[in-house]
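I am attaching a structure below and will ask some questions about it afterwards.
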Amino acid sequence: MPELPEVEVSRQGLLPHLRGKRVLAAAVRTARLRHEIPPELPRLLSGLTLQDIQRRGKYLVFDFGRGWLILHLGMSGSLRLVAPGTPPQKHDHFDLGFADTVMRLRDPRRFGTLVWTDERPEHHPLLAALGIEPLSPAFNGQWLHDAMRKRSAPVKPVLMDGHLLVGVGNIYASESLYHAGISPLRAANRISHGRCDLLAVAIRETLGASIAAGGSSVRDYVHSDGGAGCFQLSCAVYDRDGQACPACGTPVRITRQAGRSTYWCPSCQR
DNA sequence: CTGGTCACCTGGAAGC
DNA sequence: TGCTTCCAGGTGACCA
């Protein structure tokens with residue numbers, strides 16, 4: 001499920017409930033995620049106080065001052081807060097237990113990741129090679145134009161390359177290109193400066209609007225079933241194959257790129 | 001280096 | 001109803 005907005009909404013929803021609290025117990029029920037959850041994790045976490053929760057790309061970093069828990073939700077992961085004693089359900093793989101609440105990780109497809117590090121997390125192999133944050137001030141059209149200069153692949157899969165920029169997954173790649181009026185089939189290095197400016201703005205605004213939409217229901221998101229809250233923003237083209245483009249009415253087209261579905265308006269996007 | 005394909009895993013929807 | 005097939009919001013290993 002999660003692209004950058006969903007991860008950020010989770011972070012914002014969890015932080016006020018967990019910051020400054022001490023871990024009473026942690027439990028690993030299923031160790032075999034994408035990377036094996038270290039068996040000693042409960043022992044390492046017990047007694048530590050959660051200082052902060054940061055986000056890097058689609059990763060959450062739980063800062064315990066002298067160690068960091070790095071978490072990725074994969075395709076199907078979600079975090080929720082449940083009352084202590086709540087029986088785990090199928091696919092509830094990990095608990096981080098505090099005195100008054102339990103943060104529970106559910107991930108049916110088990111593409112998620114949960115690792116511990118003693119070193120600065122930005123040096124961890126999972127995070128060290130990540131690209132620029134699209135919501136940071138340094139990300140703009142000029143940066144994008146430079147970064148894509150040597151990329152002759154279609155722009156859509158290039159936008160999804162986490163080594164270039166983080167957080168733009170399959171949904172927001174399609175949506176951002178639509179809002180910028182750029183065809184997903186266009187070679188990344190054949191987009192003008194001016195259109196890179198438009199694209200950078202579209203990426204930032206698409207992500208930002210989605211965070212804002214999810215953020216308004218953050219409490220529901222973490223406290224209820226954990227699934228729905230942040231997907232209220234309707235998409236213009238994503239998952240709308242054959243439906244009318246909101247701007248011109250042309251049927252939205254679906255194309256396969258690098259194994260992923262791309263949705264776009266062949267009339268508005270050139 | 002770059003770009004495309006595939007595997008990892010489960011579950012829901014669609015097709016027969 | 002029940003079986004089969006396809007698809008899903010991520011990532012990195014592997015190959016040409």
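Letters A, B, ... are given to chains in the order of the sequence lines, protein chains preceding strands, and every chain is numbered from 1.
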Residue-phosphate contact under 4.0 Å: A:H91 side-chain N/O, B:dG11 OP1/OP2: yes
What parts of residues 153-169 of chain A reach DNA chain B, counting only heavy atoms under 4.0 Å away? A:A153, A:P154
I need the CG-P distance between A:L130 and C:dT11, as an integer number of Å. 8 Å
Touch class at under 4.0 angstrom, heavy-atom based, for A:T113 against every strand present: nothing
Rounding to 0.5 Å, atoms OG1 (A:T262) and CE (A:M160) come to a distance of 7.5 Å
Between A:R149 and A:D146, is there a salt bridge with N-O shorter than 4.0 Å? yes
Could you tell me whether A:R34 contacts a base, only the sugar-phosphate backbone, or nothing, with contacts defined as non-hydrogen atoms closer than 4.0 Å? base
Calculate the interatomic distance between A:F111 atom CZ and B:dC6 atom P; express it in whole Å. 15 Å
Tell me: CG of A:L73 to C1' of B:dC8, nearest whole Å? 17 Å
If only side-chain N and O atoms count, and only distance matters, is there a donor-acceptor pair under 3.5 Å linking A:H35 with A:T113? yes
Hunt down any stem DNA chain B takes part in, defined as 3 or more consecutive Watson-Crick or G-U pairs whose two distances are each under 3.5 Å. B:2-8 with C:10-16, B:10-16 with C:2-8
Tell me if the side-chain of A:R109 makes a donor-acceptor pair with the base of B:dC9, cut-off 3.5 Å, by modelled atom types. yes
Would you sort out whether A:R19 and A:D52 count as a salt bridge (charged side-chain N to carboxylate O under 4.0 Å, His left out), showing the intermediate values? CA-CA 6 Å; A:R19 194 198 321 242; A:D52 197 8; 3.6 Å; yes
Without decimals, in angstroms, what is the distance between A:E3 CD and C:dG10 C1'? 9 Å
Side chain of A:K90 only, please: which of B:dG11, C:dA8, C:dG12 is the nearest? B:dG11
Quick one, A:I53 and A:L60 - any side-chain contact, counting heavy atoms below 4.5 Å? yes
Measure from CG on A:L60 to P on C:dG10 and round the result to the nearest Å. 15 Å
Do A:I203 and A:L159 have side chains that approach each other closer than 4.5 Å (heavy atoms only, starting at C-beta)? yes
Angle class for the A:H93/A:H91 ring planes (parallel below 30°, perpendicular above 60°, tilted otherwise)? perpendicular
Within a strict 4.5 Å, meaning less than it, do heavy atoms of the A:V7 and A:E3 side chains meet? no
Side chain of A:H72, heavy atoms from C-beta onward: which of B:dT5, C:dT11, B:dG3 has the nearest atom to it? C:dT11
Between C:dA8, B:dC9, B:dG11, spot the one nearest the side chain of A:R256, thanks. C:dA8
Kindly point out which of B:dC9, C:dA8, C:dT11 is positioned nearest to the side chain of A:Y238? C:dA8
Would you say the side-chain atoms of A:E8 pair up with the backbone N or O of A:R55, donor to acceptor, closer than 3.5 Å? no
